[in-house]
S.K.: 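One structure, pasted below without further comment.
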Protein chains: 2
Amino acid sequence: MAVSARRGQPLTLEEIYATTLRLVDAAGVDGLSMRKLAAELDVNPMSLYHHVENKEALMSGACAVVASRLRLPADDGAPWQDQLRALGHAYRSLARSHPSLWSYVNGHPNLVKQENTLWAVFNRILCAAGIPAEDLVHTRKVLYTFVSGFLSAETSGLLFELEGTADADSAFEIALDLIVAGLESRHSAVAGPPPEPLGR
Amino acid sequence: MAVSARRGQPLTLEEIYATTLRLVDAAGVDGLSMRKLAAELDVNPMSLYHHVENKEALMSGACAVVASRLRLPADDGAPWQDQLRALGHAYRSLARSHPSLWSYVNGHPNLVKQENTLWAVFNRILCAAGIPAEDLVHTRKVLYTFVSGFLSAETSGLLFELEGTADADSAFEIALDLIVAGLESRHSAVAGPPPEPLGR
DNA sequence: ACCTGAACACCGTTCAAGT
DNA sequence: ACCTGAACACCGTTCAAGT
């Protein structure tokens, strides 16, 4: 055989990550091992190390594949409240696409480095909400932890059932309501014109 | 020897959990194994199984020990805003007492079952905040995920430095500000003196 | 270039045996 | 009652060897 005794074609990163995600979705992160992954790919366990440095890099790559699928809402001129909610929904649908992976990375944040594009969109919306520049970074971080916390609880099944989504759906709306209301009352928001920085 | 060839006295659950917490604090949850714990206790690895069913039960017990140390603020008649903030701070100090354990349980929520007393205090405060009964459960769950998310990010070092706590401290105040403001504006609050819109 | 087998240093856990 | 040693079925990873 030219390439392998067991497979007709060489391994690719794409199929490695795709199979990783399939296994994690099926059996959770604890149910994934290099050896099981290799078996699923019909390959010797050690072959994986020719494509991926180690298990941590494998997980990190799988996270990057998922993160790249985030569909950031464009700036359509809608009120910042609507744009913030749209961003929240986009993020939530990403988390729900791979629940086990998501609840895992929440405890291993070094696995994924957030893309600048997400922060840029987030900043733009918070500016439109009238958040003063000096509070922008802290406010963004806090809101990020809020929705991460909700999604961690949701994807791990802690507080809301994963099956009947109606409960979690309405809870997420309440979460967004609270965030929007909090931002509105703390900083007199201005929908259309550019934000005016005001002290607190 | 009456009890053991290596130790003068039998193992106790107290020292097992205390040593578990010490190891987890020092090396993280991944740095803990039944074998290392046994070595630290100067005991055969298999002796542990006489006191604890398995590793999951060990972790669950350690979590219960920590959770039992939560000092719930009493109802002192203060405005609900202050009581809510006090509850948040009590919870945060618990999380920060064992950061590695805390960020671990966030992804393994089945390890710890929340005590009714926490929910009872939480409910009382939200009632004082004027949350209608039909929204109470959802609102409580959402707020719980918010602070859990913040503390998960803090204890895992994702967004805030663990060393200089000033950054995380002020971020937590912003988080509480946002929550209080969100509750105030959504439901006309009805407790004690009128709420003051600015936190700090 | 890509894959493999054997080997190493770890795991959690079971079980029969010791005192 | 409490502890132990040997053993089993797993891990991630290294390394020299194969094509």
Side-chain angles (χ1 to χ4, degrees), chain A residues 1-24 26-63 100-101 104-105 107-108 110-111, chain B residues 1-24 26-63 100-101 104-105 107-108 110-111:
Chain A
M1 275 301 173
V3 225
S4 161
R6 307 163 76 181
R7 295 162 40 90
Q9 39 197 329
L11 278 176
T12 66
L13 274 178
E14 277 82 11
E15 65 177 330
I16 287 177
Y17 289 138
T19 308
T20 298
L21 288 175
R22 185 158 49 80
L23 288 184
V24 168
V29 174
D30 289 343
L32 175 80
S33 73
M34 299 297 276
R35 294 168 122 107
K36 281 183 196 164
L37 174 60
E40 199 75 13
L41 288 164
D42 195 25
V43 113
N44 185 285
M46 305 314 131
S47 304
L48 293 171
Y49 287 90
H50 212 271
H51 299 84
V52 132
E53 192 168 359
N54 49 30
K55 192 183 183 181
E56 187 177 347
L58 171 74
M59 294 302 296
S60 180
C63 288
S100 297
L101 185 71
Y104 177 77
V105 297
H108 302 249
N110 37 334
L111 283 187
Chain B
M1 278 296 174
V3 225
S4 162
R6 308 162 75 182
R7 295 162 41 90
Q9 39 198 328
L11 278 175
T12 65
L13 274 179
E14 278 81 11
E15 64 177 330
I16 288 177
Y17 289 139
T19 308
T20 299
L21 288 175
R22 186 159 49 80
L23 288 183
V24 167
V29 175
D30 290 343
L32 175 80
S33 72
M34 299 297 276
R35 295 168 121 108
K36 281 182 195 164
L37 174 60
E40 200 74 13
L41 289 165
D42 194 25
V43 113
N44 186 284
M46 303 315 131
S47 303
L48 294 170
Y49 287 90
H50 212 270
H51 300 83
V52 131
E53 190 167 0
N54 52 29
K55 192 183 184 181
E56 188 177 347
L58 172 73
M59 294 300 298
S60 181
C63 289
S100 296
L101 184 71
Y104 176 77
V105 297
H108 302 250
N110 37 333
L111 283 188

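Note that the structure is predicted; figures quoted are calculated from it, not measured.
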S.K.: With B/His108, which residues qualify under side chain to side chain contact (heavy atoms under 4.5 Å, CB included), at least two apart?
M.R.: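 B/His108: side chain to side chain contact (heavy atoms under 4.5 Å, CB included) contacts with A/Asp30, B/Tyr104, B/Asn110, B/Leu111.
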
S.K.: Using OP1 and OP2 only, check whether a side-chain N or O of B/His51 sits under 4.0 Å from D/dC3.
M.R.: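 So the side chain of B/His51 is within the cut-off, an N or O lying under 4.0 Å from OP1 or OP2 of D/dC3.
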
S.K.: So B/Leu11 and B/His50, do their side chains get closer than 4.5 Å, heavy atoms only?
M.R.: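 Not in contact.
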
S.K.: Please state how far atom NE2 in B/His50 lies from atom P in C/dA16, giving the value in whole angstrom units.
M.R.: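 Value for this atom pair: 15 Å.
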
S.K.: Return the value, rounded to whole Å, for the distance between atom CG of B/Leu41 and atom P of D/dC3.
M.R.: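 From B/Leu41 CG to D/dC3 P: 10 Å.
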
S.K.: Expressed as a whole number of angstroms, how long is the span from A/Asn44:CG to D/dT19:P?
M.R.: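 My rounded result for the distance is 15 Å.
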
S.K.: Go ahead and write out DNA chain D as dot-bracket, 5' to 3': ( ) for pairs within the strand, [ ] for ones crossing earlier pairs, | when the partner sits on another strand, dots for unpaired; Watson-Crick or G-U wobble, both distances under 3.5 Å.
M.R.: ||.|||||...|||||.||

S.K.: Look up atom CG in B/Leu23 and atom CG in B/Leu41, then write down how far apart they are to the nearest 0.5 Å.
M.R.: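 Taking CG in B/Leu23 and CG in B/Leu41, the distance rounds to 8.0 Å.
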
S.K.: Looking at residues at least two apart in the chain, or sitting in another chain, which of them share a side chain to side chain contact (heavy atoms under 4.5 Å, CB included) with A/Ala18?
M.R.: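 A/Ala18 satisfies side chain to side chain contact (heavy atoms under 4.5 Å, CB included) with no other residue.
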
S.K.: What's the separation between atom CD1 in A/Ile16 and atom CD in A/Glu14, rounded to the nearest 0.5 Å?
M.R.: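 Spacing of CD1 (A/Ile16) from CD (A/Glu14) equals 9.5 Å.
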
S.K.: Does the A/Ser60 side chain pair with the main chain of A/Glu56, one donor and one acceptor, at a distance under 3.5 Å?
M.R.: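 Not confirmed, A/Ser60 side chain does not pair with A/Glu56 backbone.
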
S.K.: With 3.5 Å as the limit, what N/O pairs link the protein to nucleotides 10-13 of chain D?
M.R.:
residue, atom, partner, partner atom, Å
D/dC11, OP1, A/Ser33, OG, 3.4
D/dG12, OP1, A/Met34, N, 3.1
D/dG12, OP1, A/Lys55, NZ, 3.2
D/dG12, OP2, A/Met34, N, 3.0
D/dG12, N7, A/Arg35, NH1, 2.4
D/dG12, O6, A/Arg35, NH1, 3.0
D/dT13, OP2, A/Tyr49, OH, 2.9
D/dT13, OP2, A/Lys55, N, 2.9

S.K.: In chain order, what residues pass the side chain to side chain contact (heavy atoms under 4.5 Å, CB included) check against A/Ala27, with sequence neighbours excluded?
M.R.: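 By the side chain to side chain contact (heavy atoms under 4.5 Å, CB included) rule, A/Ala27 matches no residue at all.
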
S.K.: Applying side chain to side chain donor-acceptor pair (under 3.5 Å), can you list everything that pairs with A/Glu40, at least two apart in sequence or on another chain?
M.R.: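 Listed in chain order: A/Arg22.
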
